[in-house]
Asker: 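After the structure tokens below, expect a handful of questions from me.
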Amino acid sequence: MTNRSPKLVDGMGRTIVNLRISVTDRCNFRCTYCMPADNVAFMDRSNLLTFEEIRRVVTVVSKLGINRIRLTGGEPLMRKDLPGLIKMLSAVDGIDDIAMTTNAYFLKDQAQDLLDAGLKRLNVSLDALDPEKFRDVNRRDCLQAVLDGLDAARNVGFKSIKINAVAVRNFSETEIMRLIEMGRADGFEVRFIEFMPLDADKVWERDKVLFGHEIIERIREKYELIPIDNSLEIGPASEYNFADGKGKIGIITAVSNPFCDHCNRIRMTADGKLRTCLFSADETNLKELIRSGETDAAIAATIQQAVQVKEPGHKINLKDFERPTRAMHAIGG
Ligand code: SAM
Ligand code: SF4
């Protein structure tokens, strides 16, 4: 681990150590909470940052104290030769941890290459274990491919695999205990994420969110849970151990109890726009700086300025909340 003093501290005193990089806005799924069913206007490929451009940004931010990277999308495994990018980023001085969030459809074939390239941790999105419910929410009939991807990841030796399930009222209730039982049996931490207003169809309403406390109550009907102290200081999830020692779960209460005070992350879209919040109204165009020949020092200074005015928090619960113009797949979740 390289010893660097943090140089990315925002106006609220939060130190930024985490960059989430979207490598594509394309996806082979059409999850109802994220993408429209059809007619998606994707970015032109010439607008995507190349691997070399992504490495350049990572090299710059690593010198500002960022040591954790997460690759996301769209579906990151749709980007050609993702292991090649991971290898390049693993070699950047100061990067200690590279993780990826994926729908796992292509994971079976790529798990070994991803591990060999230096990917450390995996979050797999899986909302339902009932095949019909899976098809309803993901608009694709391929639960088995996702389960095969999870199996492959475990078999090749990934040590940290989490399952992310979006918590939607009148949908997720039947899946909570199924996912929990699978997680306990197979060694995956299951994390429920409250449905956020980032769906392309714009059908989000507060009434459609299944809240974290309701999920906890449901699990406690069967299992004793012990809250893990300070989990919010490490990541966005409030985590709980099962009292019987068999695994843990996480709840991301992005709507009912946002973790903004502890937020230590920034994001970069596949077309090279820096976003200091998932719900940012403004973006900083890093691609333009790179392609116009700016120096590393100028890019670093621009990132520092953007971080300085990072949003104190999102406004989902306030009257003046405005949805971002990009849907989740085009931001990078
Ligand atoms: N395609 C990959 C996947 O699904 O894992 C990576 C990108 S996806 C946008 C990243 C994460 O965002 C997924 O875990 C997904 O469930 C979550 N997500 C998408 N839309 C969401 C929403 N409206 N509210 C909460 N989480 C959402
Ligand atoms: Fe694709 Fe992930 Fe969005 Fe689902 S959540 S449509 S898998 S980008």
Asker: Are any non-hydrogen side-chain atoms of F192 and S172 less than 4.5 angstrom apart?
Answerer: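 No, their side chains stay 4.5 Å or more apart.
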Asker: Please name all residues satisfying side chain to side chain contact (heavy atoms under 4.5 Å, CB included) with E52, sequence neighbours left out, ordered by chain then number.
Answerer: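 Counting only residues at least two positions away or on another chain, E52 forms a side chain to side chain contact (heavy atoms under 4.5 Å, CB included) with T50, R55, M88.
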Asker: Within the 3.5 Å criterion, strictly below it, is a donor on R70 or T101 matched to an acceptor on the partner's side chain?
Answerer: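 The answer is yes; a qualifying pair exists.
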Asker: Does either side chain, that of T24 or that of E75, offer a donor lying less than 3.5 Å from an acceptor on the other one?
Answerer: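 Absent: no donor and acceptor within the cut-off.
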Asker: What do you reckon, is CZ of F51 surrounded by more than 12 foreign heavy atoms closer than 6.0 Å?
Answerer: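 Buried by this count: over 12 neighbours within 6.0 Å.
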Asker: Apart from M12 itself, what residues make up its hydrophobic cluster, given side-chain heavy atom links below 4.5 Å?
Answerer: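 Under the 4.5 Å side-chain rule, M12 groups with nothing.
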Asker: Is any side-chain heavy atom of L278 closer than 4.5 Å to a side-chain heavy atom of M328?
Answerer: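 Contact flag for L278/M328 side chains = yes.
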Asker: Within this structure, what is the CG-CD1 distance for the pair L274 and I21, rounded to the nearest 0.5 Å?
Answerer: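 Between atom CG of L274 and atom CD1 of I21 there are 10.5 Å.
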Asker: So does K208 have more than 12 non-hydrogen atoms from other groups sitting under 6.0 Å from NZ?
Answerer: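 Above 12, so yes.
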Asker: In terms of hydrophobic clusters joined by side-chain contacts under 4.5 Å, are L122 and L89 together?
Answerer: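 In one cluster with L122: L89, yes.
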Asker: Does any part of the side chain of L147, heavy atoms only, come nearer than 4.5 Å to the side chain of M182, both counted from C-beta?
Answerer: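 M182 vs L147: side chains touch.
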Asker: Counting neighbours of CG on D282 that are heavy atoms of other residues, nucleotides or ligands and sit closer than 6.0 Å, is the number greater than 12?
Answerer: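 No, CG of D282 has 12 or fewer neighbouring heavy atoms, counting only those of other groups under 6.0 Å.
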Asker: Say whether L19 and L48 are linked into one hydrophobic cluster, either directly or through other cluster members, by side-chain heavy-atom distances under 4.5 angstrom.
Answerer: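 Cluster IDs for L19 and L48 differ.
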Asker: Side-chain contact, heavy-atom cut-off 4.5 Å: V209 with W204?
Answerer: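 Contact flag for V209/W204 side chains = yes.
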Asker: If you look only at pairs with a residue in residues 274-314, which of them pass as a ring pair (Phe, Tyr, Trp, His ring centres under 6.0 Å), with sequence neighbours excluded?
Answerer: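 Every ring pair (Phe, Tyr, Trp, His ring centres under 6.0 Å) pair that includes a residue of residues 274-314, provided the two are not neighbours, is F279-H314, F279-F321.
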Asker: side-chain contact (heavy atoms from CB on, under 4.5 Å) with I16: which of K7, R265, K310?
Answerer: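 When side-chain contact (heavy atoms from CB on, under 4.5 Å) is applied between I16 and each of K7, R265, K310, only K310 qualifies.
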Asker: Looking at D271 and K273, is any side-chain nitrogen of the basic one under 4.0 Å from a carboxylate oxygen of the acidic one?
Answerer: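 Here K273 pairs with D271 in a salt bridge, since their nearest N and O are under 4.0 Å apart.
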Asker: Is it the case that over 12 heavy atoms from other parts of the model lie below 6.0 angstrom from the NZ atom of K87?
Answerer: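 No, NZ of K87 has 12 or fewer neighbouring heavy atoms, counting only those of other groups under 6.0 Å.
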Asker: Testing the 3.5 Å rule here: is there a donor-acceptor pair between the side chains of T269 and E283?
Answerer: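 Side-chain D/A pair, T269 to E283: absent.
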Asker: Compare every heavy atom of A327 with every heavy atom of D199, then report the nearest pair and how far apart it is.
Answerer: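 Of all heavy-atom pairs spanning D199 and A327, the closest is C-CB, 4.4 Å.
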Asker: Would you kindly check if the NZ (Lys) or CZ (Arg) of R184 is within the cone defined by 45 degrees around the ring axis of F242 and under 6.0 Å from the six-membered ring centre?
Answerer: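 Here R184 passes the 6.0 Å and 45° test against F242.
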Asker: Looking at side-chain heavy atoms only, is the closest gap between D127 and F171 below 4.5 Å?
Answerer: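 Answer yes - side chains close enough.
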Asker: Are more than 12 heavy atoms, taken from residues, nucleotides or ligands other than E288, located less than 6.0 Å from that residue's CD atom?
Answerer: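 It does not: E288 CD has 12 such atoms or fewer within range.
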Asker: I'd like to know if D93 and K63 make a salt bridge, using a cut-off of under 4.0 Å between side-chain N and carboxylate O.
Answerer: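 Salt bridge: no.
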Asker: Is H329 close to V40 at the side-chain level, that is, under 4.5 Å between some pair of heavy atoms?
Answerer: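 Yes, side chains in contact.
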Asker: Using a strict 4.0 Å threshold on nitrogen-to-oxygen distance, state whether D151 and R154 make a salt bridge.
Answerer: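 A salt bridge is present here (some side-chain N lies under 4.0 Å from a carboxylate O).
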Asker: Looking at every non-hydrogen atom in both residues, tell me the closest pair between I331 and R267 and how far apart they are.
Answerer: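 Scanning both residues, the minimum pair turns out to be CG2-CD, 4.2 Å.
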Asker: Would you say the side chain of N123 lies within less than 4.5 Å of the side chain of R191, judging by non-hydrogen atoms?
Answerer: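 Contact flag for R191/N123 side chains = yes.
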Asker: Any Lys/Arg nitrogen of E175 or R178 sitting under 4.0 Å from an Asp/Glu carboxylate oxygen of the other?
Answerer: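 Result for this pair is yes, salt bridge flagged.
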Asker: Look only at the side chain of E53 and the backbone of I290, and say whether a donor-acceptor pair between them is shorter than 3.5 Å.
Answerer: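 Here the side-chain-to-backbone pair does not exist.
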Asker: Taking the side chain as C-beta and beyond, is there a heavy-atom pair between P83 and D116 under 4.5 Å?
Answerer: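 Answer no - side chains too far apart.
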Asker: Nearest 0.5 angstrom please: E181 CD to K246 NZ, how far?
Answerer: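 The NZ atom of K246 is 8.5 Å from CD of E181, to the nearest 0.5 Å.
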